[in-house]
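Structure record follows, encoded as structure tokens.
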Number of protein chains: 2
Amino acid sequence: MPAPMTETAKLSQQIVELYERLSSWEQDVVKSSGLSPAQMHTIEIVGHCGAALRMKELAKKMGVTTGTLTVMIDRLEQQELLRRSPHQTDRRSYLIALTEKGRELFAEHHQYHLRLTEEITATLSQEERAMFSAVLGKIIGQM
Amino acid sequence: MPAPMTETAKLSQQIVELYERLSSWEQDVVKSSGLSPAQMHTIEIVGHCGAALRMKELAKKMGVTTGTLTVMIDRLEQQELLRRSPHQTDRRSYLIALTEKGRELFAEHHQYHLRLTEEITATLSQEERAMFSAVLGKIIGQM
DNA sequence: GGATATAGTTTGAATGTCAAGATGTTTGCA
DNA sequence: TGCAAACATCTTGACATTCAAACTATATCC
């Protein structure tokens with residue numbers, strides 16, 4: 001007979017489970033786009049951020065080194081999904097921004113996220129949805 | 001002025017945000033263990049599953065090909081974190097299970113997860129925690 | 001008993017990753 | 001001003017991850 005599980009243990013397990021499922025969902029969706037997961041992640045970060053970013057800033061947001069980012073941006077630039085433009089006042093820097101094609105890809109991917117969110121929260125009551133959002137807000141604030 | 005965000009859009013954004021933060025938290029924790037993220041992920045899946053698994057089963061659970069898994073298991077076996085043992089009735093198969101050292105690593109990592117869960121849910125009321133768990137259960141059931 | 005399917009490994013190619021070093025630019029200070 | 005130090009990015013070399021496809025050994029089905 002398994003030991004009784006504490007409330008924290010159950011929550012932890014559920015969070016891990018949710019993470020795993022989101023992860024494999026994302027993997028499936030990305031596969032159909034032709035990009036690698038890391039490439040799509042880059043598009044997502046740049047797209048979500050909105051404003052153009054320096055390499056250094058983007059690397060920090062993504063948790064990779066600038067060396068890694070250089071080749072990532074090279075490839076995405078070859079696919080015309082984003083563009084380096086010279087920084088106005090700092091000639092060492094580039095500003096990274098999505099092209100029109102990149103924005104379209106980002107928008108499409110965003111729609112997938114919205115659809116998933118609708119699906120997985122479909123059975124929640126109005127009250128549960130509101131409370132879930134409030135709790136998520138608190139949790140994210142703690143991290 | 002930004003367009004008003006629908007409730008679904010807000011939830012979607014929060015889920016993405018939570019995912020991102022869990023992801024970078026895990027990356028930091030794994031870095032301190034000396035293993036790569038993929039290696040730790042393998043340990044987590046095998047450890048969480050409990051029973052010994054065939055290569056094929058494990059590959060499916062992890063969403064990788066068996067070819068990928070072969071070299072992953074090779075490396076983890078070299079580090080004595082898990083072991084291949086012959087399948088009792090099918091001589092084509094191995095059963096993959098954690099060693100004592102692997103179980104210790106898994107237990108330690110599991111403790112990190114518990115601690116994180118406690119931290120991020122610390123400000124929730126008893127009621128909120130219960131409801132959050134119930135909603136997570138529903139959501140996971142929908143995926 | 002032989003054809004076919006299955007489990008796992010190997011190989012070759014592409015990508016992702018980092019640390020360390022190189023290049024060009026900016027900043028701070030003497 | 002002019003030079004040293006800091007900074008942003010890129011390059012290089014090494015290794016990990018990943019897949020598809022070919023390969024080996026075993027199991028299953030007729």
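All heavy atoms count here, side chains included; hydrogens, waters and symmetry mates do not. A note on names: the letters A, B, ... follow the listed sequences, proteins ahead of strands, and every chain is numbered from 1.
Taking the six-membered ring for Trp and thresholds of 30 and 60 degrees, B:F132 and A:F132 have nearly parallel ring planes, at less than 30 degrees apart.
When all heavy atoms of B:L35 and B:L81 are compared, the pair lying nearest together is CD2-CD1, 3.9 Å. When all heavy atoms of B:S33 and B:M40 are compared, the closest pair comes out as OG-CE, 3.6 Å. Looking at every heavy atom in both residues, A:R84 comes nearest to A:T70 through NH2-O, 3.4 Å.
Taking atom CZ on B:R75 and atom P on D:dT18, their separation rounds to 10 Å, with Å as the unit. Rounded to whole angstrom, the span from the CD1 atom of B:I96 across to the C1' atom of C:dT9 amounts to 13 Å. Atoms CG (B:D74) and C1' (C:dT10) sit 10 Å apart, rounded to a whole Å. Look at CE on B:M55: it is 13 Å from P on D:dT18, rounded to the nearest Å. One can place CD of A:Q39 at 8 Å from C1' of C:dT15, the figure rounded to the nearest angstrom. Look at CZ on B:R84: it is 12 Å from C1' on C:dA7, rounded to the nearest Å. Separating the CG atom of B:L95 from the P atom of C:dA7 is a distance of 13 Å, rounded to the nearest angstrom. Note: CD (B:Q27) to C1' (D:dT17) measures 14 Å, nearest angstrom.
With rounding to the nearest 0.5 Å, the separation of OG in A:S12 from CG in B:L114 is 4.5 Å.
For the pair A:R103 and A:F106, the cation does not sit on the ring face, since its NZ or CZ is not both under 6.0 Å from the ring centre and inside 45° of the axis.
Ranking C:dT17, D:dT18, C:dG8 by closeness to the B:R54 side chain, first place goes to C:dG8. In this structure, the nucleotide among D:dT17, D:dT18, D:dT9 sitting nearest to the side chain of B:S36 is D:dT17.
An OP1 or OP2 oxygen of D:dC19 is reached within less than 4.0 angstrom by a side-chain nitrogen or oxygen of B:T65.
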Polar pairs (N or O, both sides) under 3.5 Å between protein and nucleotides 23-30 of chain D?
{"residue": "D:dA27", "atom": "OP1", "partner": "B:R91", "partner atom": "N", "Å": "2.8"}

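Each of A:E57 and A:K31 lies near DNA chain D, and the nucleotide nearest A:E57 is the one positioned closer to the 5' end.
Here A:T70 lies in heavy-atom contact (under 4.0 Å) with a base. Residue B:T68 is classed as a base contact, given a heavy-atom separation below 4.0 Å to a base. Across all strands shown, B:S93 has heavy atoms under 4.0 Å from sugar-phosphate atoms exclusively, and none from any base.
Using a 3.5 Å distance cut-off with no hydrogens or angles, the side chains of B:E118 and B:H113 do not pair a donor with an acceptor.
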